Amino acid sequence: LGMIIDFNRQLKEIFPNLNNQSIGKNAVDEFSQYPAMMEVIQNAPVDQNNITVLKSENAEFYRIKKTNLSDQNHHLIGEIITLYHYTEEKKLLDKLQILATHDNLTGVFNRRHFFWLVEQEMARQERYGGNFSLMIFDLDSFKRINDVYGHLAGDIVLKKVASTCQNELRKTDAIGRFGGEEFVILMPETVLEMGQQLAERLRSIIENMIFEGLPDEVRVTASFGLVSHQCLKNVSLEKLLRDADQALYQAKNSGRNRVSIFEPADLNPCT
């Protein structure tokens, strides 16, 4: 086992290092520069697997089928490995996945997927402990931009705000579009002070933002509502969002362009 018996011309196009001299040689040696293929060769047979081959810096995707060959006494005598090209299918599936989880205009997570992420974080915290923070922010007087400069200008503002905020986040954080000009940010393993620092930084960045292609007088500010929970137990997503929204409402009523923190009446610290 492990010796190359034969291969067709199409396989040589995928792996250019193969040639007639490869027949009779050890497959592990011949595919040593292709880690994904090595894993397929060395692992037990599978009905279907995926492999990625880099060709001229472009990724080509293949589905793998690995089938055992047995003699009439059911003794294993070899394996057949078949590759099915599915690059276009993979690209289409990736595009559909993005459409299903991301907001079409801003590119951040859509409302449904963001809520799913929050629920996953809540379940993780309930099981393992720790803390996380969540903020909602709303662009102040955004309707005026649409009314005065048009909806295309409003779209430019929304996209710039979303992409800039996303670039300020850690890889573990997540930003979603809550609806209209309102956004939400999830910050795992983040205590209140850290969440407040990020909110203040984003508030300042948005306040000083310049929008390419729009008149210089087009400026926008944002109001933030922040909630942070530690050792969270049996709390609903609806309540979490309601608490953050209450803090946002307070920020709006206090003059806008500021960060407000939700302060529960009954603090229940970890013990």
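Starting from 1, each residue takes its place in the sequence as its number. Fair warning: this is a prediction, and the values are worked out from it, not measured in the lab. Computation of the quantities below employed the complete heavy-atom set of this structure, encompassing side-chain atoms and omitting hydrogens, waters and symmetry-equivalent molecules.
Environment of CZ in R201: crowded, with over 12 heavy atoms of neighbouring residues, nucleotides or ligands closer than 6.0 Å. Enclosure of atom CG in N104 is not indicated, since only 12 or fewer non-hydrogen atoms of other residues, nucleotides or ligands lie within 6.0 angstrom. The local environment of CG in N167 is crowded, with over 12 non-hydrogen atoms from other residues, nucleotides or ligands closer than 6.0 Å. Enclosure of atom CZ in F115 by more than 12 non-hydrogen atoms of other residues, nucleotides or ligands within 6.0 angstrom is indicated.
Residues V28 and Y34 fall within the same hydrophobic cluster, defined by Ile, Leu, Val, Met, Phe, Trp and Tyr side chains chained together at heavy-atom separations under 4.5 Å.
Side-chain contact between L198 and L169 is present, with at least one heavy-atom pair separated by less than 4.5 Å. For the pair L11 and L18, the minimum side-chain heavy-atom distance is below 4.5 Å. Residues L139 and S223 form no side-chain contact, since every pair of their non-hydrogen atoms from C-beta on lies 4.5 Å or further apart.
Only one option out of L226, L248, I175 pairs with M135 in a side chain to side chain contact (heavy atoms under 4.5 Å, CB included); it is L226.
Hydrophobic cluster membership of Y86, counting Ile, Leu, Val, Met, Phe, Trp and Tyr whose side-chain heavy atoms lie under 4.5 Å apart directly or via other members: F61.
With sequence neighbours left out, the salt bridge (Lys or Arg N to Asp or Glu O under 4.0 Å) criterion links R203 to E200, E207. K143 pairs by the salt bridge (Lys or Arg N to Asp or Glu O under 4.0 Å) definition with D147, not counting sequence neighbours.
Taking the charged nitrogens against the carboxylate oxygens, D243 and K239 do have a contact shorter than 4.0 Å, which makes a salt bridge. Salt bridge present: K252 and D140 bring a charged side-chain N and a carboxylate O closer than 4.0 Å.
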Name every donor-acceptor pair, under 3.5 Å, that has one atom in a side chain of residues 156-163 and the other anywhere in the protein, sequence neighbours excluded.
residue: K160; atom: NZ; partner: I210; partner atom: O; Å: 2.7
residue: S163; atom: OG; partner: K159; partner atom: O; Å: 3.0
residue: S163; atom: OG; partner: K160; partner atom: O; Å: 3.2

Output side-chain donor-acceptor pairs under 3.5 Å for residues 93-101, partner residues at least two apart or in another chain, one line each.
residue: D94; atom: OD1; partner: K90; partner atom: NZ; Å: 3.2
residue: D94; atom: OD2; partner: K90; partner atom: NZ; Å: 2.8
residue: T101; atom: OG1; partner: Q97; partner atom: O; Å: 2.9

Distance-only donor-acceptor hits, side chain of residues 182-194, under 3.5 Å, sequence neighbours excluded:
residue: E189; atom: OE2; partner: R124; partner atom: NH1; Å: 3.3
residue: E189; atom: OE2; partner: R124; partner atom: NH2; Å: 3.0
residue: T190; atom: OG1; partner: R170; partner atom: NH2; Å: 2.7
residue: T190; atom: OG1; partner: M187; partner atom: O; Å: 3.2
residue: T190; atom: OG1; partner: P188; partner atom: O; Å: 2.9

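Aromatic pair F114/F109: ring centres not closer than 6.0 Å.
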(message) Could you walk me through whether D103 and T106 satisfy the side-chain hydrogen bond (donor to acceptor under 3.5 Å, both in side chains) test, starting with their C-alpha distance in whole Å, then the side-chain angles of each, then the deciding distance to 0.1 Å, before giving a yes or no?
(response) CA-CA 6 Å; D103 176 62; T106 62; 2.7 Å; yes
(request) Give the intermediate values and the outcome of ring-ring contact (aromatic ring centres under 6.0 Å, His included) for residues Y84 and Y62. (result) CA-CA 5 Å; Y84 302 90; Y62 296 86; 9.7 Å; no
